[in-house]
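Reading through the structure tokens given below for one structure.
As the structure is a computational prediction, the values presented were derived from the model and not from experiment. Numbering of residues begins at 1 and proceeds along the displayed sequence.
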Amino acid sequence: MDYIQMARSVEDRLLSYRKDESGWKTCKKNNDVVVCWRPSCEFAGYVYKGEGIVNGSPEKVWDCLKPEINGLRVKWDANIKKFELLEQVSSDVSICRTVTPSAAMGIISPRDFVDVISVKRYEDGTVSSNATNVSHPNCPPQPGYVRGFNHPCGCFCVPVPGEPGKTQLFSFFQTDLGGLLPRSVVDSFFPSSMVEFYSNLTKAVKTLK
């Protein structure tokens, strides 16, 4: 499996999501974030987009978001219980397993996901993480977890011109949770989860020196 090629492909896909304004419908918003959705081209579900301004420099926001073992993300993100490195493919591409806790009052049981993840930096100072599901010989389905599948997903930390202490954050989630979950549970879970994601991220950034 050509993990590098997959990583470059998902980078392009995420960038197209960010640039394409068509078809998005607002499903939830507050002072931190506007969450939109539209039908996914990848599976029979939705792709969700979050957009908001986080008080904190892009470097601090990225420190909280970057996909690394024993990083800050596991400490503040309520939807990540464990993050494991399966293979370091290159300096900017890795294969990781993410474990999520039960959610929606136990209706959604613990999941795990295996993804190729790339980190890309742009000339304007934007930094992004980009991920999609892969199979890996070191990580077959595990007992006690439903194997879910992330379709192209990730985030962009974008500098705000003239305001170095702020970051525009775009996030994209496109997840097949697997299992026999009612569609109504899935459709209500993701928008609420993304609002919580922005709220918890904002609090985490505030704690950084």
Side-chain angles (χ1 to χ4, degrees), residues 1-3 5-29 33-52 67 77-83 86 93 95-118 128-137 139-156 169-198:
M1 188 173 288
D2 190 339
Y3 294 128
Q5 185 178 357
M6 292 186 72
R8 300 301 167 240
S9 176
V10 77
E11 288 169 3
D12 292 342
R13 184 61 58 91
L14 262 290
L15 193 59
S16 75
Y17 291 165
R18 182 182 158 195
K19 290 181 175 179
D20 183 5
E21 297 289 343
S22 63
W24 295 104
K25 295 182 179 178
T26 300
C27 55
K28 208 169 188 71
K29 64 180 179 179
V33 60
V34 176
V35 180
C36 304
W37 61 0
R38 72 181 185 193
S40 169
C41 296
E42 306 286 338
F43 77 119
Y46 293 97
V47 53
Y48 296 86
K49 175 176 74 171
E51 182 179 351
D77 191 335
N79 288 316
I80 297 182
K81 188 174 183 180
K82 194 193 303 184
F83 191 68
L86 300 176
V93 176
I95 312 298
C96 296
R97 173 179 181 249
T98 305
V99 175
T100 63
S102 63
M105 295 186 295
I107 298 173
I108 301 175
S109 59
R111 257 69 178 163
D112 73 345
F113 303 85
V114 176
D115 300 292
V116 57
I117 303 176
S118 78
S128 69
S129 66
N130 312 265
T132 194
N133 72 85
V134 293
S135 57
H136 194 275
C139 195
Q142 309 283 312
Y145 299 94
V146 175
R147 177 60 53 90
F149 300 93
N150 285 318
H151 296 280
C153 59
C155 63
F156 292 85
L169 180 65
F170 294 91
S171 59
F172 296 92
F173 290 86
Q174 190 171 203
T175 301
D176 179 356
L177 288 171
L180 301 174
L181 290 171
R183 170 57 59 187
S184 59
V185 171
V186 177
D187 291 349
S188 63
F189 170 71
F190 278 107
S192 298
S193 173
M194 289 177 71
V195 167
E196 183 185 27
F197 171 87
Y198 274 77

Next on the checklist: With a 3.5 Å distance limit and no angle check, can you tell me whether R111 reaches the backbone of S109 through a side-chain donor-acceptor pair?
Outcome noted: yes

Item to check | Shortest non-hydrogen contact between Y3 and S135, atoms and distance | outcome: OH-O, 3.1 Å

Checklist outcome for this item: Between L177 and V186, the two heavy atoms sitting closest are CD1-CG2, 4.2 Å

Item to check | Distance (rounded to the nearest 0.5 Å) between S193 OG and F173 CZ | outcome: 6.5 Å

Checklist entry - Which residues pass the salt bridge (Lys or Arg N to Asp or Glu O under 4.0 Å) test with D112, sequence neighbours left out? => result R97, R147

Checklist entry - Rounded to the nearest 0.5 Å, what separation is found between the NZ atom of K25 and the OH atom of Y46? => result 8.0 Å

Checklist entry - Can you find a heavy atom in the side chain of V134 that is under 4.5 Å from one in the side chain of M6? => result yes

Item to check | Partner residues of P110 under the side-chain contact (heavy atoms from CB on, under 4.5 Å) criterion, sequence neighbours left out | outcome: S102, Y145

Item to check | Listed partners of D20 passing side-chain hydrogen bond (donor to acceptor under 3.5 Å, both in side chains), at least two apart | outcome: S22, R38

Item to check | Donor-acceptor contact present, side-chain Q174 to main-chain C153, <3.5 Å | outcome: no

Checklist entry - To the nearest 0.5 Å, how far apart are CG in N79 and OG1 in T98? => result 11.0 Å

Checklist entry - Can F149 and F43 be said to form a ring-ring contact (aromatic ring centres under 6.0 Å, His included), step by step? => result CA-CA 10 Å; F149 300 93; F43 77 119; 9.9 Å; no

Item to check | F172 and F156 aromatic ring geometry - parallel, tilted or perpendicular at 30°/60° bounds | outcome: perpendicular

Item to check | Trace of the side-chain contact (heavy atoms from CB on, under 4.5 Å) decision for K28 with V33 | outcome: CA-CA 8 Å; K28 208 169 188 71; V33 60; over 6 Å; no

Checklist entry - Atom CZ of F197 and atom CG of L169: how far apart are they, to the nearest 0.5 Å? => result 6.0 Å

Item to check | Minimal non-hydrogen separation, S188 against P191, with atom names | outcome: O-CD, 3.7 Å

Item to check | Test item: V93 and V116 side chains (from C-beta on) under 4.5 Å apart, heavy atoms | outcome: yes

Checklist outcome for this item: What one should report as the nearest heavy-atom pair of A78 and E196 is CB-OE2, 3.9 Å

Next on the checklist: Using only atom types and a distance under 3.5 Å, with no angle test, would you say the side chain of Y198 pairs donor to acceptor with the backbone of G50?
Outcome noted: yes

Next on the checklist: With rounding to the nearest 0.5 angstrom, report the CD to CH2 distance, E51 to W24.
Outcome noted: 10.5 Å

Item to check | Under-4.0 Å salt bridge between E21 and K49 | outcome: yes

Item to check | Donor-acceptor contact present, side-chain S192 to main-chain F189, <3.5 Å | outcome: no

Checklist entry - When rounded to the nearest 0.5 angstrom, what is the spacing between CE in M194 and OG in S171? => result 3.5 Å

Next on the checklist: If the condition is side-chain hydrogen bond (donor to acceptor under 3.5 Å, both in side chains), which residues does N150 pass it with, not counting sequence neighbours?
Outcome noted: D115, T175

Checklist outcome for this item: Minimal heavy-atom distance between L14 and P152, with the atoms involved, is CD2-C, 3.6 Å

Next on the checklist: For a side-chain contact (heavy atoms from CB on, under 4.5 Å) check, start with the C-alpha distance between I95 and V114, then their side-chain angles and the critical distance, and finish with the verdict.
Outcome noted: CA-CA 7 Å; I95 312 298; V114 176; 4.0 Å; yes

Item to check | All side-chain hydrogen bond (donor to acceptor under 3.5 Å, both in side chains) counterparts of S129, not counting sequence neighbours | outcome: none

Next on the checklist: Test of understanding: with side-chain hydrogen bond (donor to acceptor under 3.5 Å, both in side chains), list the residues that count as partners of S184, not counting sequence neighbours.
Outcome noted: none

Checklist outcome for this item: Correct closest heavy-atom pair for S128 and N130 would be OG-ND2, 3.1 Å

Item to check | Under 3.5 Å side-chain donor-acceptor pair for R18 and S16 | outcome: no

Next on the checklist: In the structure I gave you, are the side-chain heavy atoms of V35 and F190 within less than 4.5 Å of one another anywhere?
Outcome noted: no

